[in-house]
Q: 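Before I ask anything, let me first share the structure, which is written out below as structure tokens.
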2 protein chains.
Amino acid sequence: MLKQILIVEDHPIVSDSLERIFSDPALNLKCIGAATGNKGLAFLNGNPIDLVILDINLPDISGIEFCKSAKTRFPGIKIVAVTTLAQRHVVEQMLDAGADGFILKTSDTDDIKHGVLQVLGNGELYLGKGVKDLIRGISSGNIELPMITRRESEILKLIADGLTNQEIGEKLFISPLTVDTHRKNLLLKFNARNTAILIKTAVSGGYIS
Amino acid sequence: MLKQILIVEDHPIVSDSLERIFSDPALNLKCIGAATGNKGLAFLNGNPIDLVILDINLPDISGIEFCKSAKTRFPGIKIVAVTTLAQRHVVEQMLDAGADGFILKTSDTDDIKHGVLQVLGNGELYLGKGVKDLIRGISSGNIELPMITRRESEILKLIADGLTNQEIGEKLFISPLTVDTHRKNLLLKFNARNTAILIKTAVSGGYIS
DNA sequence: TTGTAACTCCCCGAAAAAGGGGATTTTATT
DNA sequence: AATAAAATCCCCTTTTTCGGGGAGTTACAA
């Protein structure tokens, strides 16, 4: 039976490569490309797509949002994320959003092919090379990134926007002293000695958009 | 005459695509791939490479360093950067380092082909779609990122690592008051009111690795 | 219901950063 | 040799953060 794959990826050079991998007649697959998340979502309506190969860095919406939307509207669809982002919490967010696979772009083309075909075949979760380690935090030089609460995340973003405790307090209708407490907890959780390294870690860890 | 191209790129899926583009027998080219910057540099010794297609985000050294090394040792070699990084100062740094071309990965494969062949052919500088605008700062929602000096960059990185003015002074054998002056200049240049937003802007602007 | 995690608020003092000056020496570049 | 840019150093005051405490209130789960 012919199955259809949608490739959501804004780099033609990558989507070309993907299309070629899965255009082998022996596989009996059909590939369609979409350059943005919204185009991809639009295409899902009315087209019987079996699996989506998804880049997380898209020009319009994030791959995580795409995944949530797609899975909500088409629960049967399979989604495999293929990305450069080798960050633990990104993987976790994608899996929470319902992704069926996660493969790094540093992977061999055979790995990518194998992973996608496995998800398409038996529906099992597939994690590419290095991804499992990433989740366990074993990864190369990966300082374990902390879990932060909703309020902490909110305050972290405002700190990164340059607001003082005073201003954040006014914005959130809480005491600046409370903001200070959250701030101290953030420093503790990130094992940061001051705001500078806190923000650096948080930005490069993807806590701040 | 047969010309040789070295592809320095850590994503097999991308280098596959590039190899395929330039493997057209009519072009009379030979492609070799290298997955890391150091492997690429090592390969240049003893192999008559005419042009390097270079990714800027490499696992070991940065594309900018690669470019400088390669151009110093082999002034005749042509280098075309192909990257996702659509940031003005990255383009500027690459061109300063001697790059002969700069193409974004969002470009069509034909653009990439055309650009590389042009550089290889007449040796002219080639800037891909959107890159020229980037330099002029016309780019979509691009807040103009400032030019900073070597010393400022050095101090910026140390600030981001969580060091205080005192500690930075000790490390660089200068007075903490001097560090403070540089710090104030950084705040001015980045139009930042405090360290938090300074670091956020700097990290997401690619000033800090 | 009995924790426990999250959120809230407060105290103190010390350290660091920010805002606003001024001024001299190096180092390129023309 | 002259100019400009970069780097260096110093003063002052005020604001903000940091370190190290304590403590009450939801809200939700075992």
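Quick note on labels: first sequence line is chain A, next is B, and so on, each numbered from 1.
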Q: Atom CD1 of B/I168 to atom C1' of D/dC9: distance rounded to whole Å?
A: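 That distance rounds to 16 Å.
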
Q: Hey, mind stepping through A/F190 and A/Y207 against ring-ring contact (aromatic ring centres under 6.0 Å, His included) and telling me if it holds?
A: CA-CA 11 Å; A/F190 278 89; A/Y207 290 81; 5.0 Å; yes

Q: Out of A/T83, A/L18, A/V82, A/V8, which one pairs with A/D55 under the side-chain contact (heavy atoms from CB on, under 4.5 Å) rule?
A: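 The passing option is A/T83.
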
Q: Assess whether a salt bridge exists between A/D161 and A/K171, defined as any Lys/Arg side-chain N lying under 4.0 Å from an Asp/Glu carboxylate O.
A: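 Salt bridge between A/D161 and A/K171, a charged N being under 4.0 Å from a carboxylate O: no.
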
Q: Charged N to carboxylate O below 4.0 Å: is that the case for B/R183 and B/E152?
A: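 Salt bridge flag = no for B/E152 with B/R183.
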
Q: Could you write nucleotides 4-22 of chain C as a row of B, S and -, 5' to 3', where a protein heavy atom under 4.0 Å of any base atom gives B, of only sugar-phosphate atoms gives S, and otherwise -?
A: --SSBBB-----SSSBB--

Q: Hey, what do you get for CG (A/L6) to CD1 (A/I49), rounding to the nearest 0.5 Å?
A: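 Interatomic distance, A/L6 CG to A/I49 CD1, rounded to 0.5 Å: 5.0 Å.
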
